[in-house]
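Data first, discussion second: the structure below is written as structure tokens.
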Amino acid sequence: MNAEQRLLLDAHERLAAYYEIDRWHWREATPSLDICLGAILVQHTSWVNVEKALANLRAAGAMSLGVIEALEEEKLALLIRPVGTPLTKARRLQVFAALVRQAGGFEALFAMPADELRALLLSTPGIGPETADVILLYGARAPAIVHDAYTARLLRRLGVGPVRDRYNDWRAWLDEHLPPDAVYRRQHHAAIVIHCKELCRVRPKCGVCPLLDVCLFGQALAPAEAVALNVGARL
Ligand code: SF4
């Protein structure tokens with residue numbers, strides 16, 4: 001194990017001890033349907049808006065791929081309006097619903113080898129690399145890598161990561177540095193997102209951060225600046 005791997009494992013242990021990772025919106029028992037719909041709906045919007053859209057689908061009895069595919073596009077768009085660009089996302093949900101149906105259901109789709117499933121997802125309109133990897137890691141429960149802006153922010157601040165910031169460079173780097181365990185990788189990604197929303201924000205609250213002593217960015221801040229950035233921090 002090299003120094004960067006040790007740092008990643010240590011950071012994860014600290015974050016897992018500091019936060020309740022179980023409050024992450026996707027738990028081990030979350031149905032694949034909720035995860036896949038959420039992964040598509042959350043593009044370019046916040047999770048709060050996704051929850052409103054999912055609540056609308058449930059209330060309308062439309063929380064099933066069969067109903068989603070059969071609904072008129074405009075009606076589906078109305079239900080998911082809180083997430084923005086509703087017509088585009090309604091179309092994406094219907095394309096995804098058709099994909100699952102043609103594969104023979106979630107079980108058959110997720111039984112595909114991970115590389116093949118990823119390629120199939122990436123060939124589906126509206127599914128880019130991050131969404132495909134979220135579906136793989138959280139929906140199909142495969143030991144995939146999800147990279148996002150939160151991961152880049154935190155790991156760059158810790159002083160690690162690939163030379164270039166392209167998605168595939170991060171994906172390969174994380175795959176090489178994280179244990180190949182799906183549960184660990186889900187929790188790792190969840191911990192990073194929670195931490196970046198709570199403390200490691202654009203204006204970070206370094207003074208109360210459990211990673212301060214291993215963080216290049218936090219260590220480089222002058223003490224007065226660190227205190228100033230902590231105004232309103234959770235104690
Ligand atoms: S010390 Fe500051 S910059 Fe570093 S991880 Fe913590 S909050 Fe982020």
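For the numbers below, each heavy atom of this structure counts, side chains included, while hydrogens, waters and symmetry mates do not. Model, not experiment: these values are computed from the prediction. Whatever order the structure lists ligands and atoms in, that order sets their numbers, starting from 1.
The nearest heavy-atom contact from the protein to atom 8 (Fe) of ligand 1 is Cys200 SG, 2.4 Å. In this structure, atom 2 (Fe) of ligand 1 lies nearest to the protein heavy atom Cys206 SG, 2.3 Å.
Cluster membership check: Ile135 does not share its hydrophobic cluster with Val95, using side-chain heavy-atom separations under 4.5 Å among Ile, Leu, Val, Met, Phe, Trp and Tyr.
Between His25 and Trp47, the ring planes lie parallel to each other; the angle is under 30°, not in the 30° to 60° tilted range. Taking the six-membered ring for Trp and thresholds of 30 and 60 degrees, Trp173 and Trp170 have ring planes more than 60 degrees apart, a perpendicular arrangement.
Heavy-atom proximity to Leu154, at under 4.0 Å, picks out these atoms of ligand 1: 5 (S). Contact atoms of ligand 1 toward Phe217: 3 (S) (distance under 4.0 Å to a heavy atom of the residue). Under a 4.0 Å criterion applied to the non-hydrogen atoms of Leu212, ligand 1 contributes the atoms 1 (S). Under a 4.0 Å criterion applied to the non-hydrogen atoms of Arg157, ligand 1 contributes the atoms 3 (S).
Counting heavy atoms from C-beta on, the side chains of Phe96 and Leu121 come closer than 4.5 Å.
Taking 2.8 Å as the criterion, Cys209 does not count as a coordinating residue of atom 2 (Fe) of ligand 1, since none of its N, O or S atoms falls below it.
Contact annotation: for Cys215 versus ligand 1, heavy atoms closer than 4.0 Å belong to the side chain alone. Neither the backbone nor the side chain of Leu221 has any atom closer than 4.0 Å to an atom of ligand 1 (non-hydrogen atoms only).
With ring centers used as reference points, His12 lies under 6.0 Å from Tyr184.
Residue contact check for ligand 1: His195 places a non-hydrogen atom closer than 4.0 Å to it.
Using a cutoff of 4.0 Å between basic side-chain nitrogens and carboxylate oxygens, Asp213 and Arg14 are scored as salt-bridged.
Remark: of the listed residues Arg185, Arg118, Arg186, Arg118 is the sole one forming a salt bridge (Lys or Arg N to Asp or Glu O under 4.0 Å) with Asp133.
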